[in-house]
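Computed from a predicted structure; not experimentally measured. For reference, positions follow the sequence shown, starting with 1.
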Amino acid sequence: MHKLGWLGTGRMGAAMAQRLVDAGNDVRVWNRTKAKTAPLEASGATAVAEITGLGEADIVFIMVSTPKDLEEVIAGPSGLLSGESRPDVIVDCSTVSMETSAEVRRLVAEAGVEFLAAPISGNPHVVAEGGACIVASGPEATFKTAEPYLRQIAKVAVHAGPEEQSRLVKLCHNLYLGMVVQALVEVTALAEKGGTDRAAFLEFLNGTVLGSDWVRKRTPDLVELDWTPTFTTELLRKDFDLGLAQARSLEVPMPVGASVHQLIQSAIGTGLRDLDFLSLFVQQARSAGLELKD
């Protein structure tokens, strides 16, 4: 059994690290805001005072919000590679661009450490229930080393290629998710403005072949207009920025994705930035002149 490290214990990181702790692993944890490691410590993890304290682990997992954060925690002056001890493998589960991932991979390789890009699909609740999916890319041998732990975190762990392919796969996933949500809120608003109760329409939709586990799970939130964040509108915009940039680079037209990108931007501009991205329904209702009632 390897010694594990976990860097970044926000909502997603904490849920993922908790699964490794619950599986009986020796896990060291670090977070910029130390209070966020307390629940993991209570479950048996060991908090370290500095990032370099994770260097004694064999495999260190990372979950941070932005490309800048990733570069800082790995290669910054006080980053993971700055310590005397370094892990054998770094597994990054963040959602960043292929360019950032390739640069981080280069820096990590220069330090003699293996690198696996392993973004995850699923919100913290899905992770806690064991329903998340991970797509990884990097050398196959590195994937095999990390695979047992990836499968403790998620129900699916797929190797997508030897370099940065997993980053694009995850961005494609999130682009599709945004398009699905926009389609869902459009037809829900149409049915509701036409006089059908929102809950009744969604019950019907979920019973058809067009229903999905995700929509069924989020239906209560949509019915009750509960926008407690699982994944914010701002984070969705970040992924659309990254995904559409890759589409331009690869000369792939994304007419639906581009339209949804602008609707996400509009939602942020009207105050929905920090709410769950399902709050795109609020923006759609405004555009339709629909007065929402919970």
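Under 3.5 Å, the side chains of N25 and Q152 contain a donor-acceptor pair of N or O atoms. Judged by distance alone, the side chains of R167 and S101 do bring a donor and an acceptor atom under 3.5 Å apart. H173 and D239 are not linked by any side-chain donor-acceptor pair at a separation below 3.5 angstrom, with hydrogens and angles left out of the test. Of the N and O atoms on the side chains of S266 and Q283, at least one donor lies less than 3.5 Å from an acceptor on the other residue. A donor-acceptor contact under 3.5 angstrom links the side chains of T142 and E114, judged on distance only.
Closest heavy-atom contact between M63 and C93: CE-O, 3.2 Å. Closest of all the heavy-atom pairs between F240 and M179 is CZ-N, 4.2 Å. The heavy-atom pair separating A132 from V127 by the smallest distance is CB-CG2, 3.9 Å. Of all the heavy atoms in L80 and G55, the pair that sits closest is CD1-N, 4.1 Å. Nearest heavy atoms, A14 versus L40: O-CD2, 3.9 Å. Of all non-hydrogen atoms in S94 and P119, the two that sit nearest each other are O-CB, 3.7 Å.
Salt-bridge formation is detected for the pair E147/K144: a Lys NZ or Arg NE/NH1/NH2 atom is positioned less than 4.0 Å from an Asp or Glu carboxylate oxygen. Using a 4.0 Å cut-off between charged nitrogen and carboxylate oxygen, R106 and E110 count as a salt-bridge pair. The pair R216-D213 meets the salt-bridge criterion, with a side-chain N (NZ, NE, NH1 or NH2) lying under 4.0 Å from an Asp/Glu carboxylate O. One finds a salt bridge joining D221 and R218 here, because a Lys/Arg side-chain nitrogen approaches an Asp/Glu carboxylate oxygen to under 4.0 Å. Under 4.0 Å is where a charged nitrogen must lie from a carboxylate oxygen, and between D92 and R105 no such pair does.
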side-chain contact (heavy atoms from CB on, under 4.5 Å) between F277 and L272, worked out = CA-CA 8 Å; F277 72 108; L272 304 177; over 6 Å; no
Working for side-chain hydrogen bond (donor to acceptor under 3.5 Å, both in side chains), residues T230 and D276 = CA-CA 6 Å; T230 61; D276 189 90; 2.5 Å; yes
Quick one: do Q182 and Q284 satisfy side-chain contact (heavy atoms from CB on, under 4.5 Å)? Show the steps, please.
-> CA-CA 8 Å; Q182 180 59 33; Q284 182 64 28; 3.2 Å; yes
Intermediate values then yes/no, salt bridge (Lys or Arg N to Asp or Glu O under 4.0 Å), R28 and E56 = CA-CA 9 Å; R28 297 179 173 216; E56 295 181 11; 3.4 Å; yes
Could you please spell out the steps behind the side-chain contact (heavy atoms from CB on, under 4.5 Å) verdict for T52 and S85?
-> CA-CA 8 Å; T52 50; S85 298; over 6 Å; no
How far apart are the C-alpha atoms of E164 and L168, what are their side-chain angles, what is the distance that settles it, and do they pass the side-chain contact (heavy atoms from CB on, under 4.5 Å) test?
-> CA-CA 7 Å; E164 314 312 324; L168 182 56; over 6 Å; no
Take D241 and H261 through the test side-chain hydrogen bond (donor to acceptor under 3.5 Å, both in side chains) and record every step on the way to the result.
-> CA-CA 8 Å; D241 289 342; H261 186 216; 2.7 Å; yes
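Atoms CD1 and CG, on I134 and L150 in that order, are 4.5 Å from each other to the nearest 0.5 Å. Here CG of N174 is found 10.0 Å from CG of L242. Values are rounded to the nearest 0.5 Å. Atom NZ of K170 and atom CG of L177 lie 9.5 Å apart (nearest 0.5 Å). Going from atom OG1 of T9 over to atom CE of M16 covers 12.5 Å, rounded to the nearest 0.5 Å. Annotation: the span from D274 atom CG to S279 atom OG amounts to 10.0 Å, rounded to 0.5 Å. In this structure, OG in S121 is found 12.0 Å from OH in Y176, a value given to the nearest 0.5 Å.
Using a 4.5 Å heavy-atom threshold, the side chains of L205 and F201 count as touching. Between L184 and T188 the shortest side-chain heavy-atom distance falls below 4.5 Å. Counting heavy atoms from C-beta outward, I74 and L81 have side chains that approach closer than 4.5 Å. Contact annotation: the side chain of L235 approaches that of T232 to within less than 4.5 Å [non-hydrogen atoms, C-beta and beyond]. Proximity of K155 to C133: side-chain heavy atoms (C-beta onward) are separated by under 4.5 Å at one or more points. Contact check for E129 versus K217: side-chain heavy atoms found under the 4.5 Å cut-off. Contact of the V48 side chain with the V29 side chain is not registered, since no non-hydrogen atoms from C-beta on lie closer than 4.5 Å. Considering only heavy atoms from C-beta on, R198 comes within 4.5 Å of L292 through its side chain.
The residue from V96, V64, L7 that alone fulfils the side-chain contact (heavy atoms from CB on, under 4.5 Å) condition with D69 is V64. Checking V91, L4, L54, V113 one by one against V60, the side-chain contact (heavy atoms from CB on, under 4.5 Å) holds for a single residue, L54.
Using modelled atom types, no side-chain atom of S166 and backbone atom of A136 make a donor-acceptor pair closer than 3.5 Å. Within the 3.5 Å criterion, the main-chain N or O of G138 finds a donor-acceptor partner in the side chain of H159. A donor-acceptor contact shorter than 3.5 Å links the side chain of Q165 to the backbone of E163. A donor-acceptor pair under 3.5 Å is formed between the side chain of R19 and the backbone N or O of A128. The backbone N or O of K34 sits nowhere less than 3.5 Å from a side-chain atom of N31 that would complete a donor-acceptor pair.
Using cut-offs of 30° and 60° on the angle between ring planes, the pair W6 and F61 is parallel.
Residue E50 places its CD atom among 12 or fewer non-hydrogen atoms of other residues, nucleotides or ligands, all under 6.0 Å distant. More than 12 heavy-atom neighbours from other residues, nucleotides or ligands sit within 6.0 angstrom of CD on E41.
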